[in-house]
Amino acid sequence: MYIASRLNRIDSIKSLPVGVGREAYRMLEVGKEYESFNNDSAFAYFRNGYDLARVTDNMPLRLELKLRLIKSHIRNGFVKEGYDMFLAIPDDSIPDSMRSMYYNNAAEVFFQVCMVYLSKPPYNDLCNQYRHEYMKYIVPGSVEWELCEAQNFIRMGNYGAGVATAIEVMERAPDYSPEYARASYLAYYCYEQQDNKLNEQLYFISQTAISEVMGGCREGLALHSMGQLLYDYGDISRAHRYLSAAIDMSSMSDANRRAAPAVESLVLMERSFKDRG
């Protein structure tokens with residue numbers, strides 16, 4: 001139902017008549033719809049939209065398309081390319097009216113980079129720097145503010161405060177919204193880093209996995225994490241189902257880089273079954 005609804009929105013945007021000068025906007029809106037649903041398609045629309053916007057004097061449109069294209073590069077595994085593209089944007093060229101969008105995307109870019117190069121400078125330092133800059137442009141106490149605060153606590157190693165703040169966001173955010181999913185993942189991450197309370201880890205990663213499905217995200221990242229967690233816990237049968245689902249979802253979105261770790265885990269699991277036999 002959720003995927004069908006999103007596809008209907010995409011078809012509606014595509015069918016709207018627009019002039020030549022507005023085609024880049026259409027590319028941006030379609031790409032945003034595809035972003036968590038099919039990153040390969042999002043990448044194509046952001047790239048085409050950016051190519052169209054580059055010949056205009058519309059700085060906000062060019063910047064948003066470029067930032068989203070950078071994030072798509074990173075999600076597709078081209079981390080260094082996306083990182084270099086971001087650093088090529090002169091920070092002092094960003095107008096004050098666009099700083100909020102710029103810093104928000106910058107913080108997300110480096111958060112994604114950190115997921116690949118976990119805890120390695122300068123990525124974590126830059127992510128932290130841009131997140132603090134972004135917080136100057138958002139309302140204190142808002143859901144987005146609290147998410148940034150949770151990440152700040154995690155950055156400092158204060159996992160207890162990170163969990164508490166993430167749970168507060170989950171209570172305020174709409175069920176299975178992107179904000180809810182992000183908060184539940186942060187709570188899971190805090191418990192994972194402490195290497196304890198497996199039940200809490202399972203609960204929060206399951207909430208993230210449900211959000212992937214309910215929100216139309218087809219990359220299967222949380223499903224893979226949950227499958228791996230269940231495997232470590234010894235629940236082989238359920239782990240097999242979750243890893244298989246993660247692979248199926250990744251295949252549907254052509255997110256082959258995302259599917260690879262789940263495939264590797266599944267192969268090792270099935271090999272261990274044979275060895276026992």
Side-chain angles (χ1 to χ4, degrees), residues 36 74-75 77 79 107-108 110-121 123-125 127-128 131 143 146-171 173 175-215 217 219-247 249-250 255 257-266 268-269 272:
S36 65
I74 294 171
R75 289 193 188 108
V79 180
E108 189 173 343
F110 285 104
F111 177 77
Q112 291 177 18
V113 170
C114 287
M115 295 302 289
V116 178
Y117 300 110
L118 192 60
S119 301
K120 292 184 179 179
Y123 307 112
N124 265 334
D125 292 336
C127 182
N128 190 53
R131 186 166 58 249
V143 166
E146 294 294 340
L147 279 170
C148 290
E149 275 287 86
Q151 291 181 66
N152 288 336
F153 285 129
I154 292 170
R155 158 81 178 179
M156 294 183 291
N158 190 344
Y159 297 118
V163 167
T165 307
I167 291 173
E168 287 181 12
V169 173
M170 291 175 69
E171 291 172 348
D175 288 350
Y176 311 126
S177 64
E179 293 78 14
Y180 182 95
R182 191 170 174 188
S184 62
Y185 180 80
L186 290 174
Y188 157 74
Y189 180 82
C190 288
Y191 283 116
E192 182 192 39
Q193 292 303 298
Q194 298 174 88
D195 198 27
N196 64 5
K197 297 189 177 180
L198 183 61
N199 287 338
E200 282 81 356
Q201 290 185 51
L202 283 169
Y203 172 75
F204 287 112
I205 197 61
S206 68
Q207 292 300 300
T208 311
I210 292 170
S211 297
E212 281 188 346
V213 178
M214 300 291 281
C217 176
E219 294 183 344
L221 295 177
L223 287 171
H224 172 222
S225 297
M226 189 165 182
Q228 189 63 55
L229 195 61
L230 287 166
Y231 178 68
D232 295 340
Y233 186 63
D235 193 339
I236 308 300
S237 179
R238 289 176 66 200
H240 192 282
R241 290 202 300 271
Y242 277 102
L243 287 169
S244 297
I247 294 167
M249 290 180 70
S250 298
R257 185 178 70 90
R258 305 294 197 183
V263 171
E264 182 179 350
S265 299
L266 200 59
L268 291 173
M269 189 183 304
S272 69

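For this chain, numbers begin at 1 and follow the sequence in order.
- With rounding to the nearest 0.5 Å, the separation of OH in Tyr159 from CD in Gln194 is 7.5 Å.
- In this structure, Met170 and Ala183 approach most closely via the heavy-atom pair CG-CB, 3.6 Å.
- Side-chain contact between Ile205 and Tyr185 is present, with at least one heavy-atom pair separated by less than 4.5 Å.
- Looking only at side-chain heavy atoms (C-beta outward), Glu179 and Glu146 stay at 4.5 Å or farther from each other.
- Separation of atoms CG (Leu202) and OH (Tyr191) is listed at 12.5 Å; rounding is to 0.5 Å.
- Residues Ser177 and Ala173 approach most closely at OG-CB, 3.8 Å, considering heavy atoms.
- Rounding to the nearest 0.5 Å gives a distance of 12.0 Å between OH of Tyr189 and CD of Gln201.
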CA sep, side-chain torsions, deciding dist, call: Tyr180, Gln207, side-chain hydrogen bond (donor to acceptor under 3.5 Å, both in side chains): CA-CA 9 Å; Tyr180 182 95; Gln207 292 300 300; 2.6 Å; yes
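- Minimum heavy-atom separation, Val163 to Cys190: CG2-CB, 3.3 Å.
- Interatomic distance, Thr208 OG1 to Tyr188 OH, rounded to the nearest 0.5 Å: 9.0 Å.
- Between Asp125 and Arg155, the closest side-chain pair of non-hydrogen atoms falls below 4.5 Å.
- The two residues Ala150 and Ala166 have their closest heavy-atom pair at CB-N, 4.3 Å.
- In this structure, Leu186 and Phe204 have side chains that are not in contact, with every pair of non-hydrogen atoms separated by 4.5 Å or more.
- Ser206 places a side-chain N or O within 3.5 Å of a backbone atom of Tyr203 that can act as its donor or acceptor partner.
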